[in-house]
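A quick write-up on the structure given underneath.
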Amino acid sequence: MKVIAKDGTIVETSFDEEYGRDTFRHTTSHILAQAVKRLFPETKLAIGPSIKDGFYYDFDRPEPFTPEDLDAIEKEMRKIVKENLSLERFTLPRDEAIALMKEKEEPYKVELIEDLPEDSVISFFKQGEFTDLCAGPHLRSTGGVKAFKLTSVAGAYWRGSEKNKMLIRIYGTSYPKAAQLEEHVKRLEEAKKRDHRKLGKELGLFAMMEEGPGFPFFLPKGMVLKNTLIDYWREIHTREDYVEISTPIMLNRQLWETSGHWDHYKENMYTTVIDDTDFAIKPMNCPGGMLVYKSQPRSYRDLPLRMGELGLVHRHEKSGQLHGLMRVRCFTQDDAHIFMTQEQITDEIMGVARLIDEVYSLFGFKYHVELSTRPENSIGSDEDWEIATDGLRKALEKLGLPYVVNEGDGAFYGPKIDFHLEDSIGRTWQCGTIQLDFQLPMRFEAEYMGADGEKHRPIMIHRVVFGSIERFIGILIEHYAGKFPVWLSPVQVKVLPISDKNFPYAKKVYQALKDSRIRCEFDERSEKIGYKIREAQLEKVPYMLVLGGKEEEDGLVAVRSRDTGETETMTLEAFIEKVKKEVAEKK
């Protein structure tokens with residue numbers, strides 16, 4: 001498709017390309033805004049960008065949009081598409097642009113233009129009677145948008161600041177073909193069923209309380225899940241020769257100034273004063289890891305030194321951005337910091353990448369890789385950045401991992417590799433990351449004694465596999481729709497006696513399972529067995545042991561599978577071995 005680029009030129013692109021999708025959906029956001037202005041002329045326009053899988057537009061109006069309003073807006077959008085209005089780009093000097101937006105009584109557009117330099121030339125796009133402040137790009141006409149749907153309404157602060165007015169945000173999505181839209185809508189419906197906030201509550205895993213917005217509470221079953229993941233993390237890190245450390249949750253300002261976080265990250269940090277000294281609750285574990293490295297003399301024989309830490313970190317997120325376990329204000333980061341020589345860079349990065357691949361493969365995730373390069377607010381020399389970026393690139397190429405370059409999205413102290421995993425319904429999540437850092441060892445004056453008897457500066461890798469254990473749990477809940485594999489399930493087996501007279505035998509079975517360290521529950525309620533089975537099924541327990549007189553007489557157990565719904569009779573010993581095997585193999 002041909003589109004109007006930001007500079008007014010006509011360029012060729014397709015919906016399969018990110019540029020093409022963004023252009024298509026950005027044009028749809030303008031169609032939405034035009035429809036709203038036609039139906040509700042008093043509404044003031046804010047901004048309407050494309051986003052992943054869709055678009056939104058922010059509006060200011062006294063009354064919220066009702067479901068009936070959205071239906072009317074969609075109907076009007078279809079009219080605008082049918083009118084096949086041409087999009088025309090034009091520019092104005094800053095003062096004339098301000099005058100135009102004042103004439104149209106669009107205060108938010110005026111504010112945006114006033115924030116631009118006085119010599120700016122301002123770009124607009126016009127379609128029919130509708131004109132919007134916009135840099136582009138856009139389709140050449142509204143008729144190109146064949147399939148769209150408005151999906152939800154939410155509140156959003158103007159410019160993302162809680163100090164500003166709350167606006168009304170309408171979300172939507174669009175596709176070139178109706179079949180593509182239908183497939184997306186089905187995926188959204190499936191995502192609603194899998195929403196980790198809903199399932200987390202139903203399965204008794206975690207809770208979010210008004211007393212601690214953004215600070216998750218893990219319930220008993222959620223703690224079993226969390227600890228099982230941590231046990232697995234420790235198992236594979238011990239195998240890979242990592243040592244585990246723990247650093248304080250709060251450290252003084254001087255440390256954060258040395259690390260650079262005080263200057264580059266302070267707005268996201270929680271701070272306090274102790275004994276007339278500024279302290280900050282750690283948003284990251286790495287400065288504490290640096291102090292551990294420096295706590296004793298190091299030799300080249302000690303390197304690579306792989307230090308893992310399950311550190312609880314706190315970061316201030318805006319209240320409107322909080323979302324279950326996916327966006328929180330405190331979380332456990334499965335960090336590791338690897339100290340090494342320059343010659344060890346490629347091998348260590350390859351080792352981390354293999355570990356991440358092993359973990360994601362275990363959970364059934366596909367993934368793609370991005371190499372993020374130097375951002376504008378970076379620290380360090382050009383030479384260091386070149387060596388670091390080249391080290392990451394070489395490791396990816398040696399592993400044969402395809403990757404895309406994400407220009408300017410590295411950390412302020414070094415480039416990084418990000419792993420974006422794909423879940424069972426096709427959504428992507430950024431979890432694992434490998435960051436190469438020359439700067440922190442230099443800022444903390446970290447050293448090791450080389451084979452030549454001279455002092456040298458180590459190079460540092462920051463890396464996470466899960467990313468945030470809390471967020472990873474949220475992803476797993478949705479990926480599995482709450483049906484965790486046996487090794488991860490908080491309750492692996494539910495013992496269901498058919499009647500009260502079967503309790504003694506059922507209790508013996510239950511105790512044998514516990515003695516075998518199988519996570520199990522005993523349902524001793526005086527309910528019909530059908531009801532008990534349905535309840536266990538809703539709780540998504542992998543196995544139910546239905547025990548009646550026949551099972552007791554034969555000394556067997558009737559094993560009902562959550563996933564197949566089929567029942568198989570076997571000895572208790574055989575069942576215990578079956579579960580143990582599935583746990584050991586992490587099937």
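What's counted below: heavy atoms across the whole structure, side chains too, no hydrogens, waters or symmetry copies.
The side chain to side chain contact (heavy atoms under 4.5 Å, CB included) with D195 is formed by just one residue from the set K193, K192, K198; it is K198. Checked options D115, D60, D132; the residue passing with K109 is D132 (criterion: salt bridge (Lys or Arg N to Asp or Glu O under 4.0 Å)).
At most 12 non-hydrogen atoms from other residues, nucleotides or ligands lie less than 6.0 angstrom from CZ of R301. Around atom NZ of K398, no more than 12 heavy atoms belonging to other residues, nucleotides or ligands sit under 6.0 Å away. More than 12 heavy atoms of other residues, nucleotides or ligands lie within 6.0 Å of CZ in R187, so this atom counts as buried by the packing criterion. The neighbour count for E383 CD, taken as heavy atoms of other residues, nucleotides or ligands under 6.0 Å away, does not exceed 12. Summarising the local packing, CD of E376 is surrounded by 12 or fewer heavy atoms from other residues, nucleotides or ligands at distances under 6.0 Å. Shown here is E358, whose CD atom has more than 12 heavy atoms of other residues, nucleotides or ligands within 6.0 Å. Within a 6.0 Å radius of NZ in K44, more than 12 heavy atoms belonging to other residues, nucleotides or ligands are found. With a 6.0 Å radius and a threshold of 12 heavy atoms from other residues, nucleotides or ligands, E235 has its CD atom above the threshold.
Shown here for L401 and A353, the closest heavy-atom pair between the two residues is CD1-CB, 4.5 Å. The two residues S123 and A135 make their nearest non-hydrogen contact at OG-CA, 3.9 Å. The heavy-atom pair separating E445 from K294 by the smallest distance is O-CE, 4.1 Å. Here the closest heavy-atom approach between residue R239 and residue L355 is recorded as NH2-CD1, 3.8 Å. The two residues S424 and E478 come nearest to each other via the heavy atoms OG-O, 4.3 Å.
Here the side chain of T433 pairs a donor or acceptor atom with the backbone of I417 at under 3.5 angstrom. Side-chain atoms of D275 do not come within 3.5 Å of backbone N or O of T277 as any donor-acceptor pair. Of the possible donor and acceptor atoms, none in the side chain of K540 sits under 3.5 Å from a partner among the backbone N and O of L203. Here the side chain of Y360 pairs no donor or acceptor atom with the backbone of F419 at under 3.5 angstrom. Side chain of R329 to main chain of P213: a donor-acceptor pair is present (N/O by atom type, distance under 3.5 Å, no hydrogens or angles). Listed for the S152 side chain is no donor-acceptor partner under 3.5 Å among the backbone atoms of Y171. With W385 contributing its side chain and P415 its backbone, the two residues share no donor-acceptor pair below 3.5 Å. A donor-acceptor contact shorter than 3.5 Å links the side chain of H196 to the backbone of L325. Judged by distance alone, the side chain of R194 and the main-chain N or O of I477 form no donor-acceptor pair under 3.5 Å. Between the side chain of E309 and the backbone N or O of T247, at least one donor-acceptor pair lies under 3.5 Å.
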Trace of the side chain to side chain contact (heavy atoms under 4.5 Å, CB included) decision for H368 with E370: CA-CA 7 Å; H368 71 269; E370 290 183 2; 3.8 Å; yes
Stepwise ring-ring contact (aromatic ring centres under 6.0 Å, His included) test for Y57 and F59: CA-CA 7 Å; Y57 211 109; F59 301 99; 5.0 Å; yes
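Within the 4.5 Å cutoff, the side chain of H456 has no heavy atoms near those of the L303 side chain. Side-chain contact check for T272 versus M250: some heavy-atom pair is nearer than 4.5 Å. Contact check for H323 versus R197: side-chain heavy atoms found under the 4.5 Å cut-off. Within the 4.5 Å cutoff, the side chain of F15 has heavy atoms near those of the R25 side chain. A 4.5 Å side-chain heavy-atom check between D335 and C286 finds every atom pair outside the cut-off. You'll find the side chain of L255 reaches within 4.5 Å of the side chain of L291, heavy atoms only. Inter-residue side-chain proximity for F339 and E348 is flagged as unmet; no heavy-atom pair is nearer than 4.5 Å. The closest side-chain heavy-atom distance from S50 to R21 is not below 4.5 Å.
Between H314 and F215, the ring planes are tilted. Angles from 30° to 60° get that label. F365 and F363 have tilted rings, their planes meeting at an angle from 30° to 60° on a 0 to 90° scale.
A cation-pi arrangement is present between R169 and Y56, with the terminal nitrogen or guanidinium carbon under 6.0 Å from the aromatic centre and inside a 45° cone about the axis.
Checked by atom type, the side-chain pair Y448/D302 shows no donor-acceptor distance below 3.5 Å. Under the 3.5 Å distance criterion, with hydrogens and angles disregarded, no donor-acceptor pair is assigned to the side chains of W158 and D58.
Separating the OH atom in Y232 from the NZ atom in K586 is a distance of 7.0 Å, to the nearest 0.5 Å. In this structure, OH on Y293 lies 9.0 Å from CE on M307, to the nearest 0.5 angstrom. Rounded to the nearest 0.5 angstrom, I459 CD1 and Q344 CD are separated by 9.0 Å. Atom CG of residue D357 and atom CG of residue L399 lie 9.0 Å apart, to the nearest 0.5 angstrom. One finds the NE2 atom of H264 at 14.0 Å from the NZ atom of K266 (value rounded to the nearest 0.5 Å). Considering OG of S372 and CD of Q435, their distance stands at 9.0 Å, rounded to 0.5 Å.
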Going by atom type alone, with no hydrogens or angles, which donor-acceptor pairs under 3.5 Å involve a side-chain atom of residues 462-472 and a protein atom two or more places apart or on another chain?
from : atom 1 : to   : atom 2 : distance (Å)
H462 : NE2    : D437 : OD2    : 2.8
R463 : NH1    : H237 : NE2    : 2.9
R463 : NH1    : Y242 : OH     : 3.3
R463 : NH2    : H237 : NE2    : 3.1
R463 : NH2    : D334 : O      : 3.3
S468 : OG     : E470 : N      : 3.3
S468 : OG     : R471 : N      : 3.0
E470 : OE1    : T332 : N      : 2.7
E470 : OE2    : K226 : NZ     : 3.1
E470 : OE2    : T332 : N      : 3.3
E470 : OE2    : T332 : OG1    : 3.0
R471 : NH1    : Q430 : O      : 2.6

